[in-house]
Amino acid sequence: MAQSELAQNIWLQALDYIQANEKISKTSFDNWFSQTKAISLNQDEIIIETYDTFVSDWLKNKFSEIIQEALVHVLGAPIHMRFIAKEKEVPVQKPIETPTNTPTVKKTMKTIVPLEQPRERSIAEKTMKADQHQFLQPTLLTESDFESNLNYHYTFENFVVGGGNRLAYNIALAVSEDPGSRYNPLFIYGGSGLGKTHLMQAIGNQIHIQGDDKRILYVTCEDFVNDFINNLSKNNMTKFRNKYRDIDILLVDDIQFLAKKEAMQEEFFHTFNHLYQNGKQLVITCDTQPSEISKLTDRLRTRFEWGIMVDITVPDLETRMAILQRKLNADNMLEDVPRNVIEYIASQFDSNIRELEGGLSRVVAYSTMFGKNDITLELAIEALKGFSKSQQAVISIYKIQKVVASYFNIQVDDLKSKKRKQPLVKYRHIAVYLCKLLTDSSLQKIGKEFGGRDHTTVMHSVQTIEAELKTEADTQRMIQEIQELL
Ligand code: ADP
Ligand code: MG
């Protein structure tokens, strides 16, 4: 992976984190962050490029704390940040097919708008999540000024099919082949990061590629709600209704956002009816089944259940590995990452594909940042410390060790050592006992973190303290005080 690509990779993860920060409103994020880009990253510094000096000054003065926090989250350590503005290029001769302020490219002009060119953002870009920014290119291209908001990156071809998503994939494919007929509405539900948005957009992209001139609209439910409120306040409801009703395929992402919003449910109900009665295809995603959406009116719930409901569950290990392989293929760096490393990463992230892909980027970034040429299993373990699930257990064992050591005024290394003098042995028993009590870690894992002791030794420590707790007030008091510190 090239340096700049790596920098951008890290930056996209940081942007994701920033976007989730409650202190940053959506508008603020769109205004200040969405057109930024990292152009370089080394051990000492990251350089963020914006399209205007005003924006870079603003980021530096107003947001540096939040940005630093995000970078620490991604990189695991603080880093110096530099913000620079890209010099505006004055084109000598205006290229005919690269419009700078008409983001929607007409169907007949499949032109690639260069990423670097400063230009007004399309709605599609504004609604994209940060992790999709790397794919900013012309959005799906439809007739005249109609914008579908689709991200062309999400296709059926790059969706890895396996246990957990096979049925959803097949049904989605069937819908794209014959929209508005058998499976209408299609309701896809499942946990975060499992590919719902990807599949939903793949339907839109596929229908578009088939070229039947269908009007396709992708919208997050949140944007639908915001659009409604905006238009309501401007007395523009006719415009709003036309926008959502004069289409052939409506893709509404994350419908759980309608929970408890009765006026919005009412509006969506009418939109739904209008499209449905006219044989238009609706695809809806949600993080739960309709029956579990809080305060959803019955009539809307039953409509969601009219067509077909399909869930996506966590893909199995092999599928997760295949997803990583595909990502590596796309980045042309397959040979650099050995299979055991891929397996390790896949085993560490078993509930969210977004995090799984983030784990891989982290490992690759780590090796580049620290100048390690080979990506080995040891390096992957090191890079993912504190990020993946089993490493989180290590963190809490480590925390217990630290608190116990400072309580007794000794070093963590003493706890892990082979020294067999009292009272150190007793302190070690206490630390081990607390790890067993307070973490989900196995005896083997605890033993490993205590200088490689075996599970019978760990069991012995636990039993010793359990016995003492029944009779010795002193031990009871110590355990209680340490727990309070923890
Ligand atoms: P959700 O909408 O369910 O939260 P997304 O569709 O946003 O999840 O998926 C999160 C990320 O994981 C996206 O980058 C997506 O491309 C990727 N992803 C999820 N499932 C798969 C899959 N089966 N094959 C390839 N990529 C996947
Ligand atoms: Mg989604």
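Everything numeric in this text was worked out from a predicted model, so none of it was measured. Side-chain atoms are counted along with the backbone in the values below, which use heavy atoms only and exclude waters and symmetry mates. When a ligand or atom number is given, it counts from 1 through the structure's own listing order.
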Could an N or O of ligand 1 be found under 3.5 Å from any N or O of [X], whether backbone or side chain?
X: Phe159; answer: no
X: Gly195; answer: yes
X: His153; answer: no
X: Ile353; answer: no

Logged contact type for Thr285 with ligand 1, heavy-atom cut-off 4.0 Å, is neither

Heavy atom under 4.0 Å from ligand 1: found in Ile323's side chain, backbone, both, or neither?
-> side chain

Mark the output for Tyr169 as yes if a heavy-atom distance to ligand 1 is under 4.0 Å, and as no if none is.
-> no

Non-hydrogen atoms of Ala322 versus ligand 1: any pair closer than 4.0 Å?
->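 Not so, Ala322 does not reach ligand 1.
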
Report, in ascending order of atom number, the atoms of ligand 1 lying under 4.0 Å from any heavy atom of [X].
X: Asn165; result: 23 (N)
X: Ser192; result: 4 (O)
X: Gly191; result: 3 (O)
X: Asn158; result: 24 (N), 25 (C)

Options Arg354, His198, Glu357, ranked by nearest heavy atom to atom 7 (O) of ligand 1, top entry =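 Shortest heavy-atom distance from atom 7 (O) of ligand 1: Arg354.
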
Strictly by modelled atom types, are Thr285 and Asp253 linked by a side-chain donor-acceptor pair under 3.5 Å?
-> yes

Do [X] and [Y] touch side chain to side chain, with heavy atoms closer than 4.5 Å?
X: Met81; Y: Ser64; value: yes
X: Leu258; Y: Ile293; value: no
X: Ile353; Y: His198; value: no

Does any N, O or S atom of Ser192, backbone or side chain, fall under 2.8 Å from the Mg ion (ligand 2)?
->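 For Ser192, the answer is no, given that no N, O or S atom comes within less than 2.8 Å of the Mg ion (ligand 2).
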
Indicate yes or no: does Asp227 engage Lys243 in a salt bridge with an N to O separation below 4.0 Å.
->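 The answer is yes: the pair qualifies as a salt bridge.
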
Charged N to carboxylate O under 4.0 angstrom, Arg299 versus Glu262?
-> no

In terms of ring plane angle, is the pair Phe187 and Tyr189 parallel, tilted or perpendicular, where the classes change at 30° and 60°?
->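 Rings of Phe187 and Tyr189: tilted, as their planes differ by 30° to 60°.
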
Over all heavy atoms of both residues, which pair between Ile216 and Leu251 is shortest? Give the atoms and the distance, please.
-> CG2-CD1, 4.1 Å

Under the side chain to side chain contact (heavy atoms under 4.5 Å, CB included) test, residues paired with Thr155 that sit two or more places apart |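 Only Glu157, Asn158 meet the side chain to side chain contact (heavy atoms under 4.5 Å, CB included) criterion with Thr155.
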
